[in-house]
Number of protein chains: 12
Amino acid sequence: MYGEDRIYKKVEIIGVSRTSIEAAVETAVTKARASLDKLSWFEVKEIRGHIGEDGKVAEYQVAIKVAFQLKG
Amino acid sequence: MYGEDRIYKKVEIIGVSRTSIEAAVETAVTKARASLDKLSWFEVKEIRGHIGEDGKVAEYQVAIKVAFQLKG
Amino acid sequence: MYGEDRIYKKVEIIGVSRTSIEAAVETAVTKARASLDKLSWFEVKEIRGHIGEDGKVAEYQVAIKVAFQLKG
Amino acid sequence: MYGEDRIYKKVEIIGVSRTSIEAAVETAVTKARASLDKLSWFEVKEIRGHIGEDGKVAEYQVAIKVAFQLKG
Amino acid sequence: MYGEDRIYKKVEIIGVSRTSIEAAVETAVTKARASLDKLSWFEVKEIRGHIGEDGKVAEYQVAIKVAFQLKG
Amino acid sequence: MYGEDRIYKKVEIIGVSRTSIEAAVETAVTKARASLDKLSWFEVKEIRGHIGEDGKVAEYQVAIKVAFQLKG
Amino acid sequence: MYGEDRIYKKVEIIGVSRTSIEAAVETAVTKARASLDKLSWFEVKEIRGHIGEDGKVAEYQVAIKVAFQLKG
Amino acid sequence: MYGEDRIYKKVEIIGVSRTSIEAAVETAVTKARASLDKLSWFEVKEIRGHIGEDGKVAEYQVAIKVAFQLKG
Amino acid sequence: MYGEDRIYKKVEIIGVSRTSIEAAVETAVTKARASLDKLSWFEVKEIRGHIGEDGKVAEYQVAIKVAFQLKG
Amino acid sequence: MYGEDRIYKKVEIIGVSRTSIEAAVETAVTKARASLDKLSWFEVKEIRGHIGEDGKVAEYQVAIKVAFQLKG
Amino acid sequence: MYGEDRIYKKVEIIGVSRTSIEAAVETAVTKARASLDKLSWFEVKEIRGHIGEDGKVAEYQVAIKVAFQLKG
Amino acid sequence: MYGEDRIYKKVEIIGVSRTSIEAAVETAVTKARASLDKLSWFEVKEIRGHIGEDGKVAEYQVAIKVAFQLKG
């Protein structure tokens, strides 16, 4: 496909997971797939998290940019 | 709601107002509400403005990222 | 139009072209026009490219933010 | 005082206010004064906010760095 | 005017005001107008401030870049 | 709690763990809890690590900012 | 000339051209030469552009810093 | 060793792994060891990934800088 | 190839050309090919240039990062 | 000590000295030692200075982050 | 003077010196004084240098922003 | 030499010295000369340091990028 004129769009999604950074990324990718065209790659932009009443990490919040090809 | 798998989307909106930075933010938030799901938070990314013929600030242009939860 | 309350949206598009950075920008702008409202300006965010089997630049990949006015 | 050896410390405080960015800065400065030595200057680092159930800006959250002189 | 070759110059000005961020921007723009050609737009680069003896915000110091067209 | 004037403080902590990035974050959060008020959220700022004599990753060092509410 | 005490000044100029990024840089350099001392080098800081009524790139706007030696 | 004149070199390596960010870092460190002198530490610079035909994360691509001491 | 453990190395090269930014990129890629393994992609990091005695752009200097796969 | 779970805290200190950047760093480190636990390393974040009535550099102001280990 | 409306201008100057970073800063400040109003402070933006034919540091080139008050 | 097609390579070196930032830069440049082609310029990227058991600065660690011309 390299060498052909084409365009991609990037959108920013935040995935949230209780267990890990990777799980948060995968939540974002899996759910984004429902409303977006065929996804191509992602870039992690920000890793944050919430700390619960018990003083422990309650969840990871990972902002990613997801890219997918647009039909011309 | 903390601790559940979920995703948010962030979109970048520029609000414009003659009066203040806050008014520009509120214009962006209020008008974005018409086309986007329930908004959750915003982050100011850029503050610019136009200077009129009379050499005074004619308007504030404030770029914000607005986040809202996506249904999975 | 300056001085009136209004909002713009910015989306991130990657244009790809074999020939030049400008051609990649123009591919992105031209194709984005199909699905987006009247475009207003762009900002170049990233310039990358692919190198082919022959060790030459096979294509330029230029990420731009494209802005367009939203109806309030 | 310029020209004398001395040190300052900077701490990061987030002030929250319903009304404006300046009010959020002033909340942060006023309340920080209770626990910190004589404050000297501040630098705005981040402007964010929460959007309420009614889709309007519910509050401004402004992160500032506040500097104050330490006794040597 | 779009589409014609032309150049702009950007200079960095810090406006200071006791009352608000917008007033600091407007001070910078109004006073810069005295020595610069017709101003066109501004970009906020930095927001800082001084804290007075009484522990309150004494002034806002806002660094902006101001752009104006140069005659070719 | 949204909509009330309040302030938070952010401090920068580096957590170290032999096993994973998440474990380093959790070490930082758990130990910080001992000396800080009720923690609210964290932001990952830097991920580094040490490589041991055997040429393998010996530990992950993750710098986070931890935020907690200050009593006014 | 290396090894001698001397100073340079950098100013920020935006060149505009309908045809290409290089043409915008060259417009900026050529016109800046009229009012500035002997120019030495430039650094590209920002590439933006305007999109015309027809949805095509109407012009490239390239912000550069231009450096020139000041007589001591 | 602290306090002695010495130099280090940093090189940028991208490790790829199907399973996790840590596995990608460890792949990079382990394989870099083959061609580089005794490695000392790493810094994560970028986390990206590829999304497969099935819309799931196919691999993590983690760019790290790896540092090692040079013999003087 | 996606989905297999592998590593890439990125090196920073500055290409210089009298004619254009693209020509500078291509000079960098073509000459780097002589001493490096099969190149895969590049990222533009910096665009600068020299201004000649005649006040015109004498050359474009473009810093790119070039990536190539390392054998494990 | 590498390989054990532990945490560090980083605080931001500005050292001021009339003579040099290094003297400003050393002022910050020496005075910070009085109120902080055993210091471990520093990172220079900002170098500024004041210019006196006579138009000469009156002092160097160097902001550093200082890290020290916290007891768990 | 704090608390009064006023404006400053910042200009970017590169000072060059064979001996040290501080000497380069002082060269820039001293020579800038000739053409600019009363200088107030400086901020170091970039430290570079030239390496001579003998492979040693031939000079330090330090870019600073110098600020001075403008008469309103 | 300006105006001819050519390429440079930049590598990142950390020099360490007990005495000063300049000495750390010069250590890096002098030792890098042993294994690299004719060096051309350097750019300071990071200034850090180690604090000794006695609570004083034990050494300066300065990361620089060193550039040298590659034969085409």
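Letters go in sequence order (proteins before strands), and every chain restarts at 1.
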>> Quick check: closest heavy atoms across C/Arg18 and A/Asp5, and the distance to 0.1 Å?
In response: N-OD1, 4.0 Å
>> Using side-chain heavy atoms (C-beta onward) and a distance below 4.5 Å, is A/Lys10 in contact with C/Glu46?
In response: yes
> Which pair of heavy atoms, one from C/Lys31 and one from A/Arg6, lies closest together, and at what distance?
Replying inline: NZ-CA, 4.1 Å
> Would you say A/Lys45 has more than 12 foreign heavy atoms packed within less than 6.0 Å of its NZ?
Replying inline: yes
> Would a 4.5 Å heavy-atom cut-off, applied to side chains only, mark C/Ile13 and A/Leu70 as touching?
Replying inline: yes
> Say you draw a straight line from CD of C/Glu12 to CD of A/Glu12; how long is it, rounded to the nearest 0.5 Å?
Replying inline: 9.0 Å
>> Out of C/Val16, C/Val11, C/Thr27, return the one with the most heavy atom pairs under 4.5 angstrom to chain A.
In response: C/Val16
